[in-house]
Amino acid sequence: MSTINAQSDRHTALSTTNGCVHNWSQTLIPTTREAPSDAETSSHIYMVRAGYIRQVGAGIYNYLPLAWRSLKKISAIVREEMDAAGASEFLMPALMPIELYKDTKRDVDYGNLLFTLEDRHGRRSALGPTHEEVITDLMCGAVTSYKQFPLNLYQIQSKFRDEARPRAGLLRCREFIMKDAYSFHLELEGDAGLNHTYDKMYQAYTNIFTRCGLDFSAVEAEAGPIGGSASHEFMVNCANGEDTILYCPESGYTANVEKAEIGQRDWSFDVAPTEELTKHHTPGMPGIDLVAEHLGTNAAGMLKSIVFRRTGTENKWVIAVVRGDHDVNEGKVRDAVGTGVEMAPEKEAKEAGFAIGYVSPRMIDSTKLTLVVDPDALAAASWATGADENDHHVTGFNWSRDMADAIAQDKIKVADIRNAQAGDPSPRAQGAKLEARRGIEVGHIFKLGTKYSKAMGLSVLNKDQKKQDVIMGCYGIGVSRTLSACIESAHDDNGIIWPLAIAPYHAQIIVIKPKDDGVMDEADKLAAELSAHGFDVLIDDRDDRPGPKFKDADLVGIPLRFIISPKTIEAGQIEFKARADEGKAELIDRAKAVEAALAKCESIA
RNA sequence: CAGAGAGUAGCUCAGCUUGGUAGAGCGUCUGGUUUGGGACCAGAAGGUCGCAGGUUCAAAUCCUGUCUCUCUGACCA
């Protein structure tokens, strides 16, 4: 836990100045008993029900006061840690001319994900999904000497991506709030190098998500369309997350499924056949499970042969073979064959003779191609696989017998080309097995290298008066996604349970019978005391019955809760509990209210 | 992008098959009784039935087109 305000004895989640005090009746918190029927995930349901967000369009939301308060708290933590790590905040436009994307070809590579529009003059513009191009272009004109490096600049801004399918409230939006940072270097190593900044960002991200009170993992990840060499994702651990993470309990190795390596697996071509190769008619069976059932086996008894094409080529084919119940990992295929690959376009693959849906490794005998096989696809003596002929499969396929020529000519490459899964051998600890869990990606850091600087001509003269491409890194945090990921992992059946640091308010005062003499005065007094100690306070001053107010309090999820009523005032007491505590509030001395709140901060945060 | 579904009151939905005065619950407002985990009584407001055409004496309902939203998959810094 990082302590920014070390000179203060206040809890770091509290405000360093007086906290604010707001009355429920004077802000907008439209809670509802029922969620919209289309809300499926708990963060979506609770954010709508508790009055944090309202939908405007597909993947577009209003951030109501509660959500905005939390978003500002997350942003504040991000700013503090980024600034502390030596980055400078600035702001780029969200709107930009499409021409900026020409040099890096991301107007094409990013595809439909890029929001584009046309102005009155017919000029095409884009709404920024990330800002590598804008900042690289900026740097081309703004940085002229090697002496100005390293640099690290960041912004917090709305980003736009035309997601094919926005979903789950703020988890996958078309407009969302993101912090993006870009660093510039002339070398990899040393204090001014990319690696040093990357490590600092890794640490800053660890600080940020720790301070936000999140249960998260930093995992090795694929660089994806942004490109670059190394990358880590920061994932909120959450059972219903969209991403799968694999980790080794012994070595601590943790990686996204896209990236996770699999440890050593024994294999051999030399397995004696046990069955004749037999052809079967298998028409109209979509899906490997149906075919397997028809052939009297299961998916694990079949070979799946996926046809790829080397990117940028007309007809350099690659067949990747994995066991039927495994998934091919495109990145691993790329690494295995040494060039980029893409799924073969069906039409052209068919023209080249591939019976798509019925392809087998035996295609190598008739067509020029690269064959890569996963070790697990070699283990059995007898496989069911395609017959390289429409509507037909074979059973009894055996590598040593049916692929003898290819094996003899050493034409088969064996490599780890599938997604790792739970139970696979760990790549970092002998004998250990990988375990799987789910997560929501909230941060991603990349070593970009010179991909953008080369494409856009960002170079400077170095000390030796030689022109040198600038080395870049980029670092993103999904601010609005962090908010919903937090709820996704911290709620119960009654609503949200905020960690102190990013809750819209630290404390809520529920006033019972606010119209009775002196009751609101008492609430205001307590609020002032709490505020003086840095607590942001929400007073539920609504003239409503206690039941709905308790229900709303649970829904909204403010961490600390006081209950003031005529009864307790008379007794010189007050009720107090944390949102996360089970059961009813406990009665404490009114005089000890602030003390209790401060003590509770220590135990829950 | 493929498949499926939905647009009727602020929210959740019924009505549509078989065309004939626009409905319920929750919420809101007024008055009253209440006041410790989403109360009760009485009353009220609130909807060009997504939009545009068409059929018909008559369309929320039938037909055509269109827009929007959602779900599953594909895709996804």
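Below, read A as the first sequence line, B as the second, and so on, with proteins coming before strands; counting in each chain starts at 1. These numbers were taken from a predicted model, which means no experiment stands behind them.
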Both distances below 3.5 Å, Watson-Crick or wobble geometry, any strand: find the nucleotide opposite [N].
| N | value |
| --- | --- |
| B/U33 | B/A39 |
| B/G20 | B/C57 |
| B/G3 | B/C71 |

Could you tell me which residues satisfy salt bridge (charged side-chain N to carboxylate O under 4.0 Å, His left out) with A/Asp524, sequence neighbours excluded, listed by chain and number? none

Checking A/Asp541 now: which residues fulfil salt bridge (charged side-chain N to carboxylate O under 4.0 Å, His left out) with it, not counting sequence neighbours? none

Can you sort out the partners of [X] under side-chain contact (heavy atoms from CB on, under 4.5 Å), two or more places apart, ordered by chain and number?
| X | answer |
| --- | --- |
| A/Ile497 | A/Asp492, A/Arg579, A/Ala580 |
| A/Asn152 | A/Ala87, A/Ala181, A/Ser183, A/Thr197, A/Met201, A/Tyr475 |
| A/Asp516 | A/Lys513, A/Val519, A/Pro566 |

Check RNA chain B against residues 168-180 of chain A and give the residues with a non-hydrogen atom under 4.0 Å, in numerical order. A/Arg172, A/Phe176, A/Met178

Does [X] reach a base, just sugar-phosphate, or nothing at all? Heavy atoms under 4.0 Å.
| X | value |
| --- | --- |
| A/Pro30 | nothing |
| A/Pro166 | sugar-phosphate |
| A/Ala58 | sugar-phosphate |

Whether each nucleotide of nucleotides 28-38 of chain B has a protein heavy atom under 4.0 Å at its base (B), only at its sugar-phosphate (S) or at neither (-) is summarised, 5' to 3', as ------BBBBB

Using the test ring pair (Phe, Tyr, Trp, His ring centres under 6.0 Å), find all partners of A/Tyr202 that sit at least two apart in sequence or belong to another chain. A/His232, A/Phe234

Would you please name every residue forming a ring pair (Phe, Tyr, Trp, His ring centres under 6.0 Å) with A/Tyr182, sequence neighbours left out? none

Between B/G50 and B/U61 - C1' atom distance, rounded Å: 16 Å

Is there a donor N/O on one and an acceptor N/O on the other, under 3.5 Å, for the side chain of A/Arg165 and the base of B/U70? no

Rounded to whole Å, CD of A/Gln55 lies from P of B/U12 at a distance of 11 Å

Distance-only side-chain donor-acceptor flag, A/Ser231 / A/His444, under 3.5 Å: yes

